[in-house]
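All values derive from a computational prediction rather than experimental measurement.
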Amino acid sequence: MTKVDEKLTANTVIAQTLDQATITDPNLIVITCDSRGSAGLVPFTNTHPDRTIEMGIAEQNAVTVAAGMAHEGKHPYVFSPASFLAMRSIEQVKVDVAFNRNNVKLIGISGGNSYTWLGNTHHSLNDVAITRAIPDLEVYQPCDKYQIRALFKYLLNSDRPAYVRIGKRKLDNVYQQDFEFIPGKAKVIRSGKDVCLISTGETLYFALQAAKKLANDNINAAVVDLASIKPLDTEMIAKLAQNFDYLVTVEEHNVINGIGAAVACEAAKYGHAKLRILGFPDKPAIQGTQDEVFHHYGIDTAGIKQSVKDFLSE
């Protein structure tokens, strides 16, 4: 594997990107909640102690402090486990950040089922449902190192508050080095005509692999990346809902009010495509490694492939 093809964690890419950004942005600040290690920010904080604020296990305070700093012209990035950032501090996110349109970037680390054995208290399987319901808060879930770099290039130049959810695993590469991120735009990464798979974040790679395997069974599956969850590409979803008979969404999230629900709300306007939502059921998640859990709930490559075949045969 060459240096270009090397798989990296989202944390590594973000830390490198922010480190470079300090050269041109004197107002960039990183705020952590006893999470420097988990966020991969130890090298950054050691190099830039003047750019780092450690709040301890106090997400609510961290968000409020960040909002105050943004109000005074700073550009704060708050890092905390997604399970706490999108739950414990959600009132501060809603009022101090979004309602007042303060330029705070909220980075939910170890999202979804990343914490595996730590259990349901540490899973963030409803953060998309919560954050996408808050007005004036953008929501993103990138899938690989190229998309993360492009996303943060946008975020570094944006004055809008945003929530970004990332996981812990080394990410399989979906895109190339020249990838350009455009907020509010979904991207077709594989064309097809029989069924369209719509996914985001880490499960996008599994959806893409499932589409390739479905081709062996003469099922031509398109794959669409919905990394920009809010703003949502309603124009693209409208086209998909009218051009496909079958839509399947795949996400590392509760099936309630994630990207499946976002797609459903738009697709329902046209009354044409059938929709199946793949994700975590509305019950406490089982324990196991991330791969074991993905397999159990059918959101790995094999599970997606089988669900699509079952869906098309109904």
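The two residues A66 and V78 make their nearest non-hydrogen contact at CB-CG2, 3.5 Å. Here the closest non-hydrogen pair linking F311 and L247 is CE2-O, 3.5 Å. Residues C33 and A62 come closest through the heavy atom pair SG-CB, 3.5 Å. Shown here for K230 and D136, the closest heavy-atom pair between the two residues is NZ-N, 4.4 Å. Shortest non-hydrogen contact noted between L28 and L18 is CD1-CD2, 4.0 Å. Of all heavy-atom pairs between A264 and L275, the closest is CB-CD2, 3.5 Å.
Without hydrogens or angle criteria, D144 side chain to Q147 main chain gives a donor-acceptor distance under 3.5 Å. In terms of modelled atom types and a separation under 3.5 Å, the side chain of N257 and the main chain of I130 share no donor-acceptor contact. When atom types are taken as modelled, the side chain of Q92 and the backbone of N61 share no donor-acceptor pair closer than 3.5 angstrom. Proximity of a side-chain donor or acceptor of S199 to a complementary backbone N or O of V250 within less than 3.5 Å is detected. Judged purely by atom type and a 3.5 angstrom limit, S307 has no side-chain atom pairing as donor or acceptor with the backbone of I304. S124 places no side-chain N or O within 3.5 Å of a backbone atom of A82 that could act as its donor or acceptor partner. Between the side chain of E251 and the main chain of G279, no donor-acceptor pair closer than 3.5 Å is present. The backbone N or O of D96 sits less than 3.5 Å from a side-chain atom of N102, completing a donor-acceptor pair. When atom types are taken as modelled, the side chain of K105 and the backbone of S158 share a donor-acceptor pair closer than 3.5 angstrom. Under the 3.5 Å distance criterion, the side-chain polar atoms of H123 are left unmatched by any main-chain donor or acceptor of A285.
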Residue pair D127, Y163: steps toward the side chain to side chain donor-acceptor pair (under 3.5 Å) verdict:
CA-CA 10 Å; D127 54 331; Y163 172 75; 2.6 Å; yes
Please walk me through it: do V255 and F280 pass side-chain contact (heavy atoms from CB on, under 4.5 Å)?
CA-CA 6 Å; V255 293; F280 282 73; 5.9 Å; no
Evaluate side chain to side chain donor-acceptor pair (under 3.5 Å) for D172 paired with Q209, printing each intermediate quantity in order.
CA-CA 11 Å; D172 293 285; Q209 296 306 303; over 6 Å; no
Please report the C-alpha distance between V97 and V63 in whole Å, then the side-chain angles of each, then the deciding distance to 0.1 Å, and finally whether the side-chain contact (heavy atoms from CB on, under 4.5 Å) criterion is met.
CA-CA 8 Å; V97 174; V63 172; 3.6 Å; yes
Could you check D217 against K305 for salt bridge (Lys or Arg N to Asp or Glu O under 4.0 Å), going step by step and ending with a plain yes or no?
CA-CA 10 Å; D217 295 329; K305 176 187 173 183; 3.6 Å; yes
Determine whether N100 and H71 satisfy the following criterion, side chain to side chain donor-acceptor pair (under 3.5 Å), listing intermediate values before the conclusion.
CA-CA 9 Å; N100 286 284; H71 184 72; over 6 Å; no
Yes or no on salt bridge (Lys or Arg N to Asp or Glu O under 4.0 Å) for E180 and K187, after CA distance, side-chain angles and deciding distance?
CA-CA 11 Å; E180 180 182 2; K187 187 172 181 63; over 6 Å; no
Kindly indicate, with the supporting measurements, whether the criterion side-chain contact (heavy atoms from CB on, under 4.5 Å) is fulfilled by L171 and L8.
CA-CA 6 Å; L171 298 169; L8 299 174; over 6 Å; no
Test side chain to side chain donor-acceptor pair (under 3.5 Å) applied to N27 and H75, step by step
CA-CA 5 Å; N27 291 312; H75 301 154; 4.7 Å; no
Could you walk me through whether F244 and D194 pass the side-chain contact (heavy atoms from CB on, under 4.5 Å) test, one step at a time?
CA-CA 7 Å; F244 285 89; D194 297 323; over 6 Å; no
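Here the straight-line distance linking atom CD of E91 with atom OG1 of T64 works out to 9.0 Å at 0.5 Å rounding. In this structure, CZ in R51 is found 6.5 Å from CD1 in I29, a value given to the nearest 0.5 Å. Residue R276 holds its CZ atom at 9.5 Å from CG of L312, rounded to the nearest 0.5 Å. Here CZ of R190 is found 7.0 Å from NZ of K212. Values are rounded to the nearest 0.5 Å. Separating the OH atom in Y297 from the OG1 atom in T203 is a distance of 15.5 Å, to the nearest 0.5 Å. If you take CZ on F206 and CG on L208, they are separated by 11.5 Å, rounding to the nearest 0.5 Å.
Annotation: I57, atom CD1; neighbour count of heavy atoms from other residues, nucleotides and ligands within 6.0 Å does not exceed 12. Other residues, nucleotides and ligands place more than 12 heavy atoms under 6.0 Å from the CD atom of Q287. Around atom CZ of F99, no more than 12 heavy atoms belonging to other residues, nucleotides or ligands sit under 6.0 Å away. Other residues, nucleotides and ligands contribute over 12 non-hydrogen atoms within 6.0 Å of the NE2 atom of H48. Within 6.0 Å of CZ on R101 lie no more than 12 heavy atoms contributed by other residues, nucleotides or ligands.
Within the 4.5 Å cutoff, the side chain of T116 has heavy atoms near those of the N113 side chain. Residues T9 and I166 have side chains not in contact (no heavy-atom distance under 4.5 Å, counting atoms from C-beta outward). With a 4.5 Å cut-off on side-chain heavy atoms, V93 and T131 do not count as touching. Using a 4.5 Å heavy-atom cutoff, the side chains of L41 and I14 are not in contact. Within the 4.5 Å cutoff, the side chain of Q16 has heavy atoms near those of the R149 side chain. Contact annotation: the side chain of K74 never approaches that of N103 to less than 4.5 Å [non-hydrogen atoms, C-beta and beyond].
For the side-chain contact (heavy atoms from CB on, under 4.5 Å) with V263, the qualifying choice from L226, L232, V224, V248 is L226, the only one to do so. Among V174, I148, V13, the one residue that satisfies the side-chain contact (heavy atoms from CB on, under 4.5 Å) test with P142 is I148.
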Enumerate, atom names and distances included, each donor-acceptor pair closer than 3.5 Å involving a side-chain atom of residues 234-243, sequence neighbours excluded.
| from | atom 1 | to | atom 2 | distance (Å) |
| --- | --- | --- | --- | --- |
| Q242 | NE2 | A238 | O | 2.9 |
| N243 | ND2 | K239 | O | 3.1 |

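A centroid separation of less than 6.0 Å is found between the aromatic rings of H122 and F84. For F152 and F181, the distance between ring centers is not under 6.0 angstrom.
Side chains of Y175 and D225: a donor-acceptor N/O pair is present below 3.5 angstrom, by distance only. Side-chain polar atoms of S80 and E59 form a donor-acceptor pair below 3.5 angstrom. Judged purely by distance below 3.5 Å, without hydrogens or angles, the side chains of Q290 and E252 pair a donor atom with an acceptor atom. In summary, the side chains of T32 and S35 do not present any donor paired with an acceptor at a separation below 3.5 Å, with no hydrogens or angles considered. Side chains of D245 and H272: a donor-acceptor N/O pair is present below 3.5 angstrom, by distance only.
Salt bridge status for E138 with R160: present, with a side-chain N to carboxylate O gap under 4.0 Å.
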